[in-house]
Amino acid sequence: MPEWDSIFDAWRTGNVQAYDPSLIQIFIPDYIFAAKQIGKGILPLWNSYSGFGYPFLADIQTSLFAPMRAIFDFFPNLYTYNLYLLIELAVCAVSMYFLTRVLGQSRLASIFASTCYTFCPYNLWYLELNLGTAHSLFPITALSFANAALKRTLGSALLAGLSSCILIISGHPECAFFGIILSSALMFLMIFSDSSAGASIWDKTKAAFGQLTGAGVTAFFLSAPVLIPFLEYLINAESYKYGSAYSTPVTWNAIFYNLVNPAIDGAAPFMGIVAAMLLPYGMYTIGARRFRDSAAIAVVILALITFVVVAQLGPIQAVFSQPPLTAIITRYALPYLLMLITLISSKGLESLQDLFNSTGIYARASTSALTFSKVIQGAIEVVAFLISPTVLFFVLAKQASHNAAFMHLCDFDAMLPASAFHASAWKRDLTIACISAGVMLGFLVCKLKNVNARAGAARVLGNLRPALYAFVPVLLLVLQLISQGGVARQSLPSQTKFYYPDLEITKYISDPLYRTISLREHVFRPATNVIYDLHFVQMHNPLFPKRFLEYMRAAGASTDTFNQKFSEVSSPLLSMASVKYVLSIDPIDAPGFKQTYMMPNQIKVYENENALPRAYLVSKADVIEATGASRTLDYIQKSGFTFTDKVVIENPHTDLQKSDASTGESKKANKILDFNDTGSNKITMRCWASKPNWLVLTDIFYPGWEAFVDDKPVSIERANFAFRAIAVPQGEHSVRFSYRPASFELGIMLFASYIVIIAFVLFRRSRKMDF
């Protein structure tokens, strides 16, 4: 963070990080904010520190209930964050191992798959983003659905639903979408490709849909406290994904090239050259009759389907160019494809084990049984293993080293550096490929000779054969780690040792009644302000409450897909939104702004003398009936509108005549006596009104908020286009705003009801089993 936020200039090293910092650092502040609130006994459903406030729980990327990040609730610091990354890798490695075992592969093949996927450079690169959490959970989801396909019991369906719930509440919604959809497809393919039970198509269909229904219902009800508020947020939010075809595929060129040689340094979806060599051999042996099994066939079919989706080949591109599918980025399914590729490669390694060990097909064959056809069959396997990927390796390397346009086709993420041919990596992997090919060819020749060897020689070789043949797969695993490790070590650039220090500047701008903006995007961005309990207008997110971005643009901000940037402070809408403090490196020469503080790194603090507090009283109200949001915004921007003593109310529910809020005396007699905002679900204050008035709160108007005056509920009106207002009678009153979203309460009710029903069903089943 010191490399991109000028507030922490003292920690700068000059080593620019290749990550997108706005995504990395948004999660640590969210986690620490949640931990602070939970430490106070508050469940943080709302965050008032960013923007004009937004539904914290409903932003599913905050992963408030994610099991792995619960450690933050007890130890909210950066050391815990580092431990959290290690936990993600451990979960990924263990679940990948057991997934491979459930699919029927050997221990060594499972270790190969586990290390290959866990230390994939692409997964390590995104580890610090919320995408990385989903990547580490993909094997658990696939494991639970594969188990549901094999066992087909209520318990296995419930476990599949539980894993889906964990994926949903642990981070990125689009990654969760792909993880659940593809794992469900894996379960279907495993059930329908299984011929061992002799069941009919109808029986398999019932079993597949029964398991899917059980998993789906379980996932929905268990994740309901998060999922339903998230769906409500989608309805009441705006996002760049709603109106643009942003779905970026990973070209087939990029996938093929990166499988054999990393094109994007430490972020490449590179599985290691040995895994690339094992991939065609694994596909061949899965198709060969003697190695056929339903799970492996299902994995191959699903890998081909996922490849078509990720690369958006054929009609798939047209499908994902249609709303609402434009909001789904198929690149997020790439880690799942890499996981499937790893499973196929590990199957190839297992087939080599079977080929080499003393009970393999060649060892079982007697001299008379070793026919010409078996020799030809062995030669085909050698060609599939050695020649195919080696030819592809050389062809792509030659193409990449002489054709810059070809390398451009390998670009698929604007966050990453441009693709390039890395000669050093190519030489390293060429050496590893030659060693692997030489060892393989040598042992295959020895294997064929051993079958026809004389008794004495066969006896000597027979004693050494188990150790020698076990050595080959282990050697391939070691070579794989060397190949992949050379790229993976670049995936996590060394970060400067950093902590959130006490900042002198926060003493000048820490005020719950006012907000802050910066004129440089690298000051308190995007969520660092939450660490210091600062109310900052700019926020980083793909989802924003409705009217927030429109208001920001009208106030002079330029907005992109995630951020808002100010270059000037001339709009009175900033004063209306309680923006009192402006951070800037450049001097500000605007009426009403004066410099009050300057940091050693030349960041200056300017105060806006015209800023209204977050809560204030006005005596006049102009009413706009249902004429659309644009007219309201135009109305408050027109010349002559005095927002200091007037508020614009849209479609009021309050009886204006009864409240008599349109009349009153001078605003000088009105006063906010006390204001308390903890940053989460409740705001309390005391006010004095000389006559019935409107109390305006410059927080975003959003469903779920309730208002009480002297503990009596009152209606909240939409005020000044984006904010809230309530009518208060004459005199001194206590006012409370409470956030109690019906969506969350419904989710809790569904969750609790489902737990009770499932507990009852499982109890009844256990009683029947006892009898």
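Note that the structure is predicted; figures quoted are calculated from it, not measured. Atoms considered below: every heavy atom in the structure, side chains included; atoms not considered: hydrogens, waters and symmetry mates.
Side chain to side chain, T285 and S351 meet the donor-acceptor criterion of an N or O pair below 3.5 Å. A donor atom on one side chain and an acceptor atom on the other are found under 3.5 Å apart for S346 and Q105. Side chains of S156 and N147: no donor on one and acceptor on the other come within 3.5 Å. For the residue pair H422 / N261, no side-chain donor-acceptor distance below 3.5 Å is found, with atom types taken as modelled.
Y257 is not listed as a side-chain neighbour of W252, based on a closest heavy-atom distance of 4.5 Å or more. Between P139 and M339, some side-chain heavy-atom pair lies under the 4.5 Å cut-off. Between M96 and T342 the shortest side-chain heavy-atom distance falls below 4.5 Å. When side chains are defined from C-beta on, T306 counts as touching L182, because their heavy atoms get closer than 4.5 Å. Using a 4.5 Å heavy-atom threshold, the side chains of P173 and Q61 count as touching. Contact of the P121 side chain with the P269 side chain is not registered, since no non-hydrogen atoms from C-beta on lie closer than 4.5 Å. W125 has its side chain out of reach of D265: every pair of non-hydrogen atoms, C-beta onward, lies at least 4.5 Å apart. The closest side-chain heavy-atom distance from N123 to T118 is not below 4.5 Å.
Among all heavy-atom pairs drawn from S345 and L278, the shortest one is O-CB, 3.6 Å. Between V299 and L340 the shortest heavy-atom distance is CG1-O, 3.8 Å. Between T62 and R69 the shortest heavy-atom distance is O-NH1, 3.1 Å. Closest approach of I273 to A433, counting heavy atoms only: CG1-CB, 4.1 Å. Closest approach of R428 and S483 over heavy atoms only: NH2-O, 3.4 Å. Nearest heavy-atom pair across Q480 and A275 is OE1-N, 3.1 Å.
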Open item on the list: Quick one, L89 with L124, criterion side-chain contact (heavy atoms from CB on, under 4.5 Å). Give me CA distance, side-chain angles, the key distance, then yes/no.
Closed with: CA-CA 9 Å; L89 288 177; L124 291 177; 3.6 Å; yes
TODO: Report the C-alpha distance between S163 and L143 in whole Å, list the side-chain angles of each, state the deciding distance to 0.1 Å, and finish with yes or no for side-chain contact (heavy atoms from CB on, under 4.5 Å).
DONE: CA-CA 9 Å; S163 70; L143 169 63; over 6 Å; no
- [ ] Test L85 against E128 for side-chain contact (heavy atoms from CB on, under 4.5 Å), laying out the working first.
- [x] CA-CA 7 Å; L85 299 181; E128 292 199 70; 3.8 Å; yes
Open item on the list: Could you walk me through whether I60 and H172 satisfy the side-chain contact (heavy atoms from CB on, under 4.5 Å) test, starting with their C-alpha distance in whole Å, then the side-chain angles of each, then the deciding distance to 0.1 Å, before giving a yes or no?
Closed with: CA-CA 7 Å; I60 205 167; H172 203 285; over 6 Å; no
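Proximity of a side-chain donor or acceptor of D411 to a complementary backbone N or O of S419 within less than 3.5 Å is detected. A donor-acceptor distance shorter than 3.5 angstrom exists from the side chain of Q484 to the backbone of C116, with no hydrogens or angles considered. Side chain of S63 to backbone of A66: no donor-acceptor contact under 3.5 angstrom is found. Listed for the Q490 side chain is a donor-acceptor partner under 3.5 Å among the backbone atoms of G486. Formation of a donor-acceptor pair under 3.5 Å by the T115 side chain with backbone atoms of F112 is found in this model. Side chain of S114 to main chain of A93: a donor-acceptor pair is present (N/O by atom type, distance under 3.5 Å, no hydrogens or angles). Formation of a donor-acceptor pair under 3.5 Å by the S223 side chain with backbone atoms of V226 is not found in this model. With N258 contributing its side chain and F270 its backbone, the two residues share no donor-acceptor pair below 3.5 Å.
Classification of the Y122-F412 ring pair by plane angle, with boundaries at 30° and 60°, yields tilted.
For F307 and F256, the ring centers sit closer than 6.0 Å to each other.
Rounding to the nearest 0.5 Å places CZ of F178 at 9.0 Å from CD1 of I329. We find the SG-CG distance between C92 and L99 to be 10.5 Å, quoted to the nearest 0.5 Å. The CD atom of E350 sits 10.0 Å away from atom CG of L103, with the distance rounded to the nearest 0.5 Å. One finds the CZ atom of R101 at 9.5 Å from the CD1 atom of I111 (value rounded to the nearest 0.5 Å). In this structure, CG on L337 lies 11.0 Å from OG1 on T330, to the nearest 0.5 angstrom. In this structure, S164 OG and I169 CD1 are separated by 11.5 Å, a value rounded to the nearest 0.5 Å.
Only one option out of F145, F177, F138, Y117 pairs with Y336 in a ring-ring contact (aromatic ring centres under 6.0 Å, His included); it is F138.
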